[in-house]
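Here the structure comes first, spelled out in structure tokens, and everything after it is commentary.
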Amino acid sequence: MAVNAAPLALGSQLTITRGQTLRFASVDLAPKVLVPYEITSIRMLGYPSIEIEDVAAGPSSALRGFLKFKFEVGNFLPLTDHFVPMWMLTPARQSITELGGYYEWRFREPMLISPGGRIDAQVSLQADAPNPGVTPIFVAVSYSGMLRGDLENLPAYTDVPFCSAWDTTVTGNQGTANDWNTLRNPLSTTLDIHSLIARVQNDETGLDGDDSTELQIFDPYGRAVNRFGTIQFHAEFPTDTREMPWCGQLEPDQHFAVRLTTPPSTTYRPMISYLGSRRERLP
């Protein structure tokens, strides 16, 4: 009997301690039905915890900027250019429980994958993350989408999402500006960019840091995105999403340039990312 379109959910989980980098079980992240399928979002969870603002809720610290994920399709189509902090993959937290929650990377367009293909996932926990109270940390990743057994013919191309982030604690990027290797398009195809995301994290607690940090962002051609000088993070990245729409293209080897008014401190860590997609042959 033919398999028609049907909802799909894939997931894997592991435990991780500070300073580790681990790969999720690949067998859990591919459907057991040999029909094409599409993925619409990736959900990432850490416990405990992702974000606890209420002190009365318990002695936990946020992991959202310390848990970092790397995704690729079949070891040849990257969705991230390196390990990206969890909350830089999504404008807003979609849900939270008492001691945990999740962030969801919602794709602008579904990504279609051929039968037998899969998205591989790795996670790292930054070594100097605050102790959340319990070790090891429980981490889970899940993909949602649709089985597409209803497709009689597969298209030659599909939309593939991509994210790159400048994390100011990365070695070599401790100054007031990113270099050309960060917020760059490392691919051989053009990226369509739809948003920039900015965060400032308090590394002592993992919660929101000082939004008064000032910055200026330049597009791939050196034009200031915020044209009237430096701005504070919260001035142009609304406090509810920390996202600024930016519609344009990033050609291979082009990058966004970011300048901060003061060097990142060990307490307040600014981070910037872009979200986009490109057309690729069906994986």
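Note that the structure is predicted; figures quoted are calculated from it, not measured.
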Reported [atom1]-to-[atom2] distance for the pair [X] and [Y], which is rounded to 0.5 angstrom:
X	Y	atom1	atom2	result
I197	L275	CD1	CG	4.0 Å
L89	R64	CG	CZ	14.0 Å
K70	S124	NZ	OG	10.0 Å
E251	T189	CD	OG1	9.5 Å
H255	D179	NE2	CG	7.5 Å
R278	D192	CZ	CG	11.5 Å

Single-linkage hydrophobic cluster [X]~[Y], side-chain heavy atoms < 4.5 angstrom:
X	Y	value
L282	L147	no
I137	M86	yes
F69	I16	yes
L125	Y103	yes
L8	V35	yes

Any side-chain heavy-atom pair from [X] and [Y] closer than 4.5 angstrom?
X	Y	answer
L10	P31	yes
S142	L45	no
R18	F66	no
N202	T267	yes
P36	S114	no
P85	M271	yes
P252	T190	yes
V258	T182	no

message: Apply side-chain contact (heavy atoms from CB on, under 4.5 Å) to residues N178 and I272 and explain how you reach the verdict.
response: CA-CA 10 Å; N178 66 314; I272 302 279; over 6 Å; no
- request: For the residue pair S41 and E104, confirm or rule out a side-chain donor-acceptor distance under 3.5 Å.
  value: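 Side-chain D/A pair, S41 to E104: present.
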query: How about D120 and Q122: does a side-chain donor come under 3.5 Å of a side-chain acceptor?
result: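 Distance-only check fails for D120 and Q122.
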task: Let me see the working for T40 and F107 under side-chain contact (heavy atoms from CB on, under 4.5 Å), right down to the final yes or no.
output: CA-CA 5 Å; T40 56; F107 299 167; 5.6 Å; no
Taking all non-hydrogen atoms of both residues into account, name the closest pair between [X] and [Y] and its distance.
X	Y	result
A165	M88	CB-CB, 4.3 Å
T21	F83	CG2-CZ, 3.6 Å
Q126	G65	OE1-O, 4.2 Å
W105	M44	N-CE, 4.1 Å
A30	G117	CB-O, 3.9 Å
L250	N185	O-ND2, 2.8 Å

task: Go through the steps for M111 and V73 under the test side-chain contact (heavy atoms from CB on, under 4.5 Å), then give the verdict.
output: CA-CA 10 Å; M111 178 173 60; V73 181; 3.9 Å; yes
Without swapping roles, check the side chain of [X] against the backbone of [Y] for a donor-acceptor pair under 3.5 Å.
X	Y	answer
Y274	R184	yes
T168	P270	yes
R199	W87	yes
R118	G74	no

- prompt: Between F256 and W246, does the ring centroid distance fall short of 6.0 Å?
  reply: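 Yes, they do, as the ring centres are separated by less than 6.0 Å.
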query: Counting only heavy atoms not in R281, do more than 12 sit closer than 6.0 Å to its CZ atom?
result: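 No, not enclosed.
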task: Evaluate side-chain contact (heavy atoms from CB on, under 4.5 Å) for S144 paired with R43, printing each intermediate quantity in order.
output: CA-CA 8 Å; S144 64; R43 184 177 295 180; over 6 Å; no
- request: For the pair Y143 and F71, name the ring-plane relationship: parallel under 30°, tilted 30 to 60°, perpendicular over 60°.
  value: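 Judged by the thresholds at 30° and 60°, the geometry between Y143 and F71 is perpendicular.
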message: Closer than 4.0 angstrom, basic N to acidic O: yes or no for R279 and D159?
response: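 Answer for the salt bridge query: yes.
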